[in-house]
Amino acid sequence: MTNNAVEVQKTHMRKEKKKINYSQLIPRIILYCLLTFGAVVVLFPLIWMILTAFKLPGTAFKLSFIPDSPTGSGLARLYTLANFSKVLSEFNFMKYFVNSLIVATMAAVFATAFSCMAGYAFAKKEFAYKEFLFYLLLGTMMIPGMMYLVPQFVITIKLGWFDTYQGMIVPHLANVFGVFMMRQFMRSIPDSLIEAAKLDGASEWQTFTIIIIPLAMPIIVTLFLLTFLFHWSNFIWQLVITKPGSALLTLPVGLAYFSGPHGSEWEMMMAASCFSIVPIAILFLVAQNFFIEGMTKGAVKE
Amino acid sequence: MIKSSTIVSYAIGAFLFIFLFGTVFCSGSGGLGRNDILVWHSYGPDEAKFFESIVDEWNARTEENRVGAGFRVHVAQIPWMGQESKYRTSLIAGSPPDIGRVDTPFIPELSYNGVLEDIKPIMDAESKALSAEVRLDYVPAAMESNVIKDKSGVEHVYGFPDQTNGACLFFNKDLFRQAGLDPEKPPKTWEEFLEYAKKLTNKERDVFGFGMDNSLWWTFPFFNTYGAKFLSDDGTKCLLNSPEAQAALQFKVDLFQKHKVEGGAWASGGQNTETGFMNGRYAMILMGPWNVSRFRSAKINFGVALVPAGPKGTSTNVGGTNMVIFKKPGRTPEQLKACYAFLRYLTSPDVQARFGTKLEQIPVNLKAYDRIKLDDPEKDKILKTFMEQMKTAQPRPKVLKYSQLETIINPEMESAIVGPEKGGKTVEQALKNAMERIDNEALK
Amino acid sequence: MAKAMNQAQESKVAYLFLAPFLIIFTVFLAYPILYSLILSFEESGAGYSLNALNFVGLKNYFRLAVDYEFWWAILMTLYYAVLIVPMGILSSLVLAILLNNKLSFKNVFRSAYFLPNVLDMLVIGIIWTLIYSKGGIVDRIVEYSFEFFTYNFLGNMANHFIISIFTMITQGALYGLILLGIYKIYTVFSMKRYTKSEFTGNVLDVIVYGTAFVLVFGSGGILGGISGIAKDALERGILGTPATCMPAVVFALVVKGAGFGMILFLAAIQNISESVYEAADIDGCNEFQKFVYITLPLVKPIILFMAVTGIIGALNAFTEIYAMTKGGPIMTLFGKSLGATKLTGYYLFTKWEQSEYGYAAAMSYALLVLTIVISKVQEKYLRADD
């Protein structure tokens, strides 16, 4: 009997599959086309940047991308690999790269951790002055970054952190944006889970690490990426907090040496920018796996 | 469980403590002493190499009793972009360099805040007459940017120019030939210029006779060649509403509006002058020497000419940078004299001649002019044109808030170009409004 | 008793969690804010040391109140925010929904849409300037479309037969679509429902329908306006025409930022378990209803977040303007020349560059007050639907 039922179900599903094929095929194709078109539009600046990185010096803004003859020499008239090699050799690139890596990683790790904890407190806990504190936080977001530059600089110097890794990392570890984001997301985690954990005898920290963090993993990873990105590309702060010629210079500051008073050596800048994108792209691809894992974990728990 | 987590938290705490406050306990590293001079420069890579070789030369000079013997010059590089922030924050922290290379319009702000050393006393000490002669050695417009008169009319000199440039007329020889014009005969006056531009403009092939930048700096050639004065001599009134200024601006505006020989380089979103010139869209532009090598690698067949003459002859604006000496607590007079001597060496005719020849730049010292000879006759001709132009260049108005001048007048000029029919203003209106606002806001 | 103790306990725990963040916040963020507040009451004197400031009381604020450039900047920023926040949220949401299904290459698409976020704003601004420049791609597209839709196919029928037929069909299709749209609107908003007599209803309908027709097709109407703007844009460049520059900038930014919102929405949506959707299926809901009643409420906190941060971002937007339009094409209103994309963030920057720190601080505080007001309104509005 069960066998028959299964058979019937199977044929039923097969028939359904056939139905899905035709009526859903055309919308699907249109969808794919739109998505691909959208992806091209969205990636267009990136493609432009990469192509420019290969161009001959001075030709960055020439609107010519297609070689006049599909031969090696035709290509060579428009493109070159020299920019990349110049960037790597002439210019101490590795040092800047490593510095940026250190600063951005440490900053992202600590800032994300602090934001998680603070966001959890705002989302799930009641405490004195909660409202006031939250609005204070929001308020700081509304003041543009350049207003912070001088006071932060003075404080950092007074702490003796001029031209040190501490000075480059610590001042920006309080990420209000991250706290806000965590708070919003953690709000959607049902309280019942937390109660259940408490009943099982878990301590606060255990509840936090075992229940909340896995559920919020996608957001945590996103926040990490964003903080990393922010610190990786932060120019003004790293410029003023380091000594000129310091061994701690980061990539954006180094890149600025390509910008003279009259425009910049665009091709070299683009080549260097290509290099600086690589860690982030790698990070993101790695993070993608986290997303997927995070999803399934959350669903299964239910 | 609890025990291990406490241990862990203590470990983390200790690590953090050391990390955060470690440097407070460490003593500062060896810095520079009384006998050292720190120079911050913002040169590009080629210029930086040359500069460092000059520094080495100066340091290696061993003549006894020369001024500055016993002092060593050290060099640190800052990026051009963001240099004002760098200087400002270092001044707030009280640790500026001894000598710094700054963009010309930054000097009024620095002098107003009292952070620069006045070197006029040193120059006068040798002899008043010599001092005046020394100043005459330099390209006048470049030197002028270092001289600030304070409220009581006393002159102060704050540094020496280390680089100077101005705009000249660049023209595309190929496009000239195509339009039937002689590529070796660029226009000499604005009237000729207009004729040429009309012949060069070809709507179908998207070619325009001229690509025009609208900001104040790029409009100075027009103002100057028409003899329009920007500021009154005491620097308190803006004189933009004069008939000369109106004529100059009207000519500019007409290029776009009436004669339609201009390709919209001034509009936000248009192709700017460099890009358009490289793409063959603009046959003529005003441009400085910094793009010469770039145009060359883009294989444009171009020539450089003096800015076409207006009623008051040819003239141009002046850009460039100066080397200034910052005040520092505990500086000795010897150290100051050493800084001065170094700067004089840097700008001496010999060094400047080498600078100009090697890097294809305009020397700041007039005495170096006849020592320059480039191997390539084309390059030589171009450089000589620039050098010739610099003789008639006029300095920018020395206003404390120079950037505010630009902020005020650029939109007004743009609305004049757009014209009253399209929601803009007439030339007269634009200049009048600009003048009022400048008087009220920028010249307080 | 137990509850009170628990409250105190909870507070303590909460503060422990907050501690690392709060310490750094107080030292590096709260103190500078205080400093900025004090700064807003001062004017920069001569000298770089922090002692060189003179107390001037509310002078900066008074100056701000009568500064027409400031108010214009606020207007432009509101315009900017109204464009970018809804578009941003919408595009992110749409992307998240589309890429949530079982679509092959889902990961590829997700990465592709997120990648632009990674680029430096300055670089993106420059590249988009090139894209929008005269002779660039967008300009060509606008030019061709414009020619397409204004092609005089009747006149050219003899010479260029094929092109004429083609454009006739396209133009016809366009006008047909517009007419269809008007008709649809007409059936929805038909006046017939409100009037007792059929005759009056018909008359009213003709009036309304007729006005709509004239509005769209008439010489001063919408179509005419659009073609006028297009002509302007072709002459002055997309970023050079006051009417098109803001949408252009907004488009570039939405394209850059859509990926980020998409990830946020994806994370939230994927937290909703399948069982909820299956239950809805059994209840007989269609796709749209499922979206509105299940998905939407659960992503509300994210929408709120994006709205608030979007507005804050709009008020502080600077790099994008600096890279693309530097304050924008100049429009002249009431005898004053005003930039069409001069946002408050950019205006603040110009003041900062001119060393008017006190004035810039006052401006940031004024904007702070404004943002708080807007956020409170938003929260009330979005909370009410909870």
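As the structure is a prediction and not an experimental result, all values here were calculated from the model.
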Proximal component of [X], with respect to chain A [non-hydrogen, under 4.5 Å]:
X: C:Leu95; answer: side chain
X: C:Phe349; answer: both
X: C:Leu367; answer: neither
X: C:Val308; answer: side chain
X: C:Leu370; answer: neither

Stepwise side chain to side chain contact (heavy atoms under 4.5 Å, CB included) test for C:Phe25 and A:Leu136:
CA-CA 10 Å; C:Phe25 174 77; A:Leu136 183 62; 3.9 Å; yes
Which heavy atom in [X] sits nearest to a heavy atom in [Y], and how many Å separate them?
X: A:Pro144; Y: C:Leu348; value: CG-CD2, 3.4 Å
X: C:Pro116; Y: A:Val42; value: CG-CG1, 2.9 Å
X: A:Ala39; Y: C:Tyr113; value: N-OH, 3.1 Å
X: A:Gly139; Y: C:Leu368; value: O-CD1, 3.3 Å
X: C:Leu16; Y: A:Met117; value: O-CE, 4.3 Å
X: C:Leu18; Y: A:Ala121; value: CG-CB, 3.8 Å

Any non-hydrogen side-chain atom of [X] less than 4.5 Å from a side-chain atom of [Y]?
X: C:Tyr35; Y: A:Val154; value: no
X: A:Phe114; Y: C:Leu22; value: no
X: A:Phe177; Y: C:Ile312; value: no
X: C:Phe260; Y: A:Leu226; value: yes
X: C:Phe21; Y: A:Leu137; value: yes

Distance-only, no hydrogens or angles: does the A:Gln152 side chain make a donor-acceptor pair with backbone N or O of C:Phe28 under 3.5 Å?
yes
Do A:Trp205 and C:Phe17 pass the side chain to side chain contact (heavy atoms under 4.5 Å, CB included) test, and can you show the C-alpha distance, the side-chain angles, and the key distance before you say yes or no?
CA-CA 9 Å; A:Trp205 185 253; C:Phe17 271 97; 3.9 Å; yes
For the [atom1] atom of [X] and the [atom2] atom of [Y], what is their distance to the nearest 0.5 Å?
X: A:Ile143; Y: C:Leu315; atom1: CD1; atom2: CG; value: 11.5 Å
X: C:Leu29; Y: A:Met141; atom1: CG; atom2: CE; value: 11.0 Å
X: A:Leu46; Y: C:Lys256; atom1: CG; atom2: NZ; value: 11.5 Å
X: C:Met306; Y: A:Gln184; atom1: CE; atom2: CD; value: 12.0 Å

Among the options A:Phe208, A:Phe44, A:Phe180, pick out the one with the most heavy-atom pairs lying under 4.5 Å from chain C.
A:Phe180
[X], part contacting chain C, at a heavy-atom distance under 4.5 Å:
X: A:Tyr120; answer: side chain
X: A:Ile155; answer: side chain
X: A:Val40; answer: neither
X: A:Thr36; answer: both
X: A:Lys130; answer: neither

Quick check for you: among C:Trp128, C:Tyr365, C:Phe114, which has the greatest number of heavy-atom pairs under 4.5 Å with chain A?
C:Phe114
Would you say C:Tyr322 has more than 12 foreign heavy atoms packed within less than 6.0 Å of its OH?
no
